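Source: prediction; values computed, not measured.
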Amino acid sequence: MRQANQLVGRTLGELAKHIKPGVTTLQLDKIADEFIRDHGAIPTFKGFPNPYGGPFPASICTSVNDVVVHGVPNNETVLKEGDIISIDCGTLLNGFNGDSCYTFCVGEVSDEVKQLLKTTKESLYLGIENAVAGKHIGDISSAVQDHCEAQGYGVVRELTGHGIGREMHEEPKVPNYGRRGNGVMLKASMCIAIEPMITMGNRAIWLDQDRWTIRTQDGKPAAHFEHTIAVRKGKAEILSSFEEVEQLEGNIY
């Protein structure tokens, strides 16, 4: 699990080098696909089944601005100055899955949007602080919800984090809203993906005509950060990594 997730982190780091105005989301997908395969893994998103339509056609999800999650890479979506793009990436390596997401700034981004990203990322780590043996899923959920709603942001409820291991999506579900002490009790060695999906405005979302892309109903930006972690008795172990991305990005927010 650690190896698969570290590869996801390195893939996001490689993509960070290419995120700039003028680049298409399909170009980013090709870079990710080659990088993952060159390191002996399979991009798990490619061909992922959809209960509402056809399989996912790409190796990463590229969600720009008001797209919350599951944006499909294409030649028409060209990044421009001031955009944000969430890149969700998954790998299958030696029979185990890695899964992580990071929301990137394209050039100079407004302070308002930077604050959304900062708060969402903070909420991820607050959730992780509560992912320890003996606590409950609701402790993670509540930590994310309380932090983001205190800043006036919307917390998407229809989409959740999840267990992860041999399969990309396993039980239990890990919502970003809930009450402390509720839900499945966490046990040492459980692996879960925690992924706050937070909107600048209303939390309401809708599904695009492609049956994959999920957008905010009010058209305002959304941020998405995700780590895969292993539950421990004292402190969770983060299996994925933002280290390479953050080294390139510097202190943006």
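- With rounding to the nearest 0.5 angstrom, the CD atom of Glu249 is 7.5 Å from the CD1 atom of Ile19.
- For His224 and Tyr102, the gap between ring centers reaches or exceeds 6.0 Å.
- Scanning both residues, Val155 and Gln145, for their nearest heavy atoms gives CG2-CA, 4.2 Å.
- In this structure, Ile87 CD1 and Thr103 OG1 are separated by 9.0 Å, a value rounded to the nearest 0.5 Å.
- Remark: the backbone N or O of Gly183 is paired with a side-chain donor or acceptor of His136 at under 3.5 angstrom.
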Next on the checklist: Set out, in order, the CA-CA distance, both residues' side-chain angles and the distance that settles side-chain contact (heavy atoms from CB on, under 4.5 Å) for Ile229 and Leu239, then state yes or no.
Outcome noted: CA-CA 5 Å; Ile229 65 104; Leu239 301 177; 5.7 Å; no
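- Remark: the Asp218 side chain and the Asn202 side chain contain no N/O donor-acceptor pair separated by less than 3.5 Å.
- Taking CD1 of Ile238 as the reference point, atom NZ of Lys235 lies at 7.5 Å (rounded to 0.5 Å).
- Under the 4.5 Å side-chain heavy-atom criterion for ILVMFWY residues, no single connected hydrophobic cluster contains both Met185 and Val231.
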Next on the checklist: Evaluate Thr24 against Asn74 for side-chain contact (heavy atoms from CB on, under 4.5 Å), listing each step before the verdict.
Outcome noted: CA-CA 7 Å; Thr24 69; Asn74 60 76; over 6 Å; no
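- Between the CZ atom in Phe35 and the OG1 atom in Thr91 there is a gap of 11.0 Å [rounded to 0.5 Å].
- Rounded to the nearest 0.5 Å, atoms CG (Leu79) and CD (Glu81) are 11.0 Å apart.
- One N or O on the side chain of Asp210 and one on the backbone of Trp212 form a donor-acceptor pair closer than 3.5 Å.
- Within the 3.5 Å criterion, the main-chain N or O of Gln115 finds a donor-acceptor partner in the side chain of Thr119.
- Counted within 6.0 Å of CD on Glu158, heavy atoms from surrounding residues, nucleotides or ligands total more than 12; the atom is thus considered enclosed.
- Around the NZ atom of Lys114, the shell of radius 6.0 Å holds more than 12 heavy atoms that belong to other residues, nucleotides or ligands.
- Put simply, the side chain of Val156 reaches to within 4.5 Å of the side chain of Leu159, judged on heavy atoms.
- Residues Ile42 and Ile36 are not in side-chain contact: their nearest non-hydrogen atoms beyond the backbone lie 4.5 Å or more apart.
- When atom types are taken as modelled, the side chain of Trp206 and the backbone of Thr216 share a donor-acceptor pair closer than 3.5 angstrom.
- Between the side chain of Asn65 and the backbone N or O of Asp83 there is no donor-acceptor pair closer than 3.5 Å.
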Next on the checklist: Does Glu243 form a salt bridge (Lys or Arg N to Asp or Glu O under 4.0 Å) with Arg10? I'd like the steps, not just the answer.
Outcome noted: CA-CA 9 Å; Glu243 187 175 337; Arg10 293 201 301 275; over 6 Å; no
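- Contact between Asn94 and Arg166 at its shortest, heavy atoms only, is O-NH1, 4.4 Å.
- In summary, Lys121 and Glu246 engage in a salt bridge, as defined by a charged side-chain N under 4.0 Å from a carboxylate O.
- A continuous path of Ile, Leu, Val, Met, Phe, Trp and Tyr side chains, each step under 4.5 Å between heavy atoms, connects Val72 with Met168, placing both in one hydrophobic cluster.
- For Ser86 and Ser63, the side-chain atoms include no donor-acceptor pair closer than 3.5 Å.
- Other residues, nucleotides and ligands contribute more than 12 heavy atoms inside 6.0 Å of the CZ atom of Arg37.
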Next on the checklist: Would Asp66 and Lys220 count as a salt bridge (Lys or Arg N to Asp or Glu O under 4.0 Å) here? Give the steps.
Outcome noted: CA-CA 5 Å; Asp66 65 322; Lys220 292 184 178 180; over 6 Å; no
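- The minimum heavy-atom distance linking Pro175 with Ser141 is given by the pair O-OG, 2.7 Å.
- Under a 4.0 Å N-O distance rule, the pair Lys30/Glu34 does not qualify as a salt bridge.
- With hydrogens and angles left out, the side-chain atoms of Ser59 and Asp33 include a donor and acceptor closer than 3.5 Å.
- Between Phe45 and Ile60 the shortest heavy-atom distance is CD1-CA, 4.0 Å.
- Aromatic ring centroids of Tyr153 and His147 lie 6.0 Å or more apart.
- Put simply, the side chain of Asn97 never gets that close to the backbone of Ala4: no donor and acceptor are under 3.5 Å apart.
- Applying the 6.0 Å contact sphere to CD of Glu244 captures more than 12 heavy atoms from other residues, nucleotides or ligands.
- Proximity of Thr25 to Val64: side-chain heavy atoms (C-beta onward) are separated by under 4.5 Å at one or more points.
- In terms of modelled atom types and a separation under 3.5 Å, the side chain of Glu170 and the main chain of Glu167 share a donor-acceptor contact.
- Ser100 approaches Glu226 most closely through the heavy-atom pair OG-O, 2.7 Å.
- Atoms CG and CG, from Asp38 and Leu7 in turn, are 10.5 Å apart once rounded to the nearest 0.5 Å.
- Here the side chains of Ile84 and Val109 are in contact, with some heavy-atom distance below 4.5 Å.
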Checklist entry - Do Asp99 and His162 pass the side-chain contact (heavy atoms from CB on, under 4.5 Å) test, and can you show the C-alpha distance, the side-chain angles, and the key distance before you say yes or no? => result CA-CA 10 Å; Asp99 190 12; His162 50 90; 3.0 Å; yes
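- Pairing each heavy atom of Phe56 with each of Cys61, the nearest pair is CZ-SG, 3.8 Å.
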Checklist entry - Between His169 and Ile164, is a side-chain contact (heavy atoms from CB on, under 4.5 Å) present by the stated rule, with each step listed? => result CA-CA 5 Å; His169 293 145; Ile164 181 171; over 6 Å; no
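- With hydrogens and angles left out, the side-chain atoms of Asn130 and Arg180 include a donor and acceptor closer than 3.5 Å.
- With a 4.5 Å cut-off on side-chain heavy atoms, Asp208 and Ile214 do not count as touching.
- Between His227 and Phe242, the ring center distance clears the sub-6.0 Å criterion.
- A 4.5 Å side-chain heavy-atom check between Met197 and Glu195 finds at least one atom pair inside the cut-off.
- Heavy-atom neighbours of Lys173 NZ from other residues, nucleotides or ligands within 6.0 Å: at or below the threshold of 12.
- Under the 3.5 Å distance criterion, with hydrogens and angles disregarded, a donor-acceptor pair is assigned to the side chains of Asn5 and Thr228.
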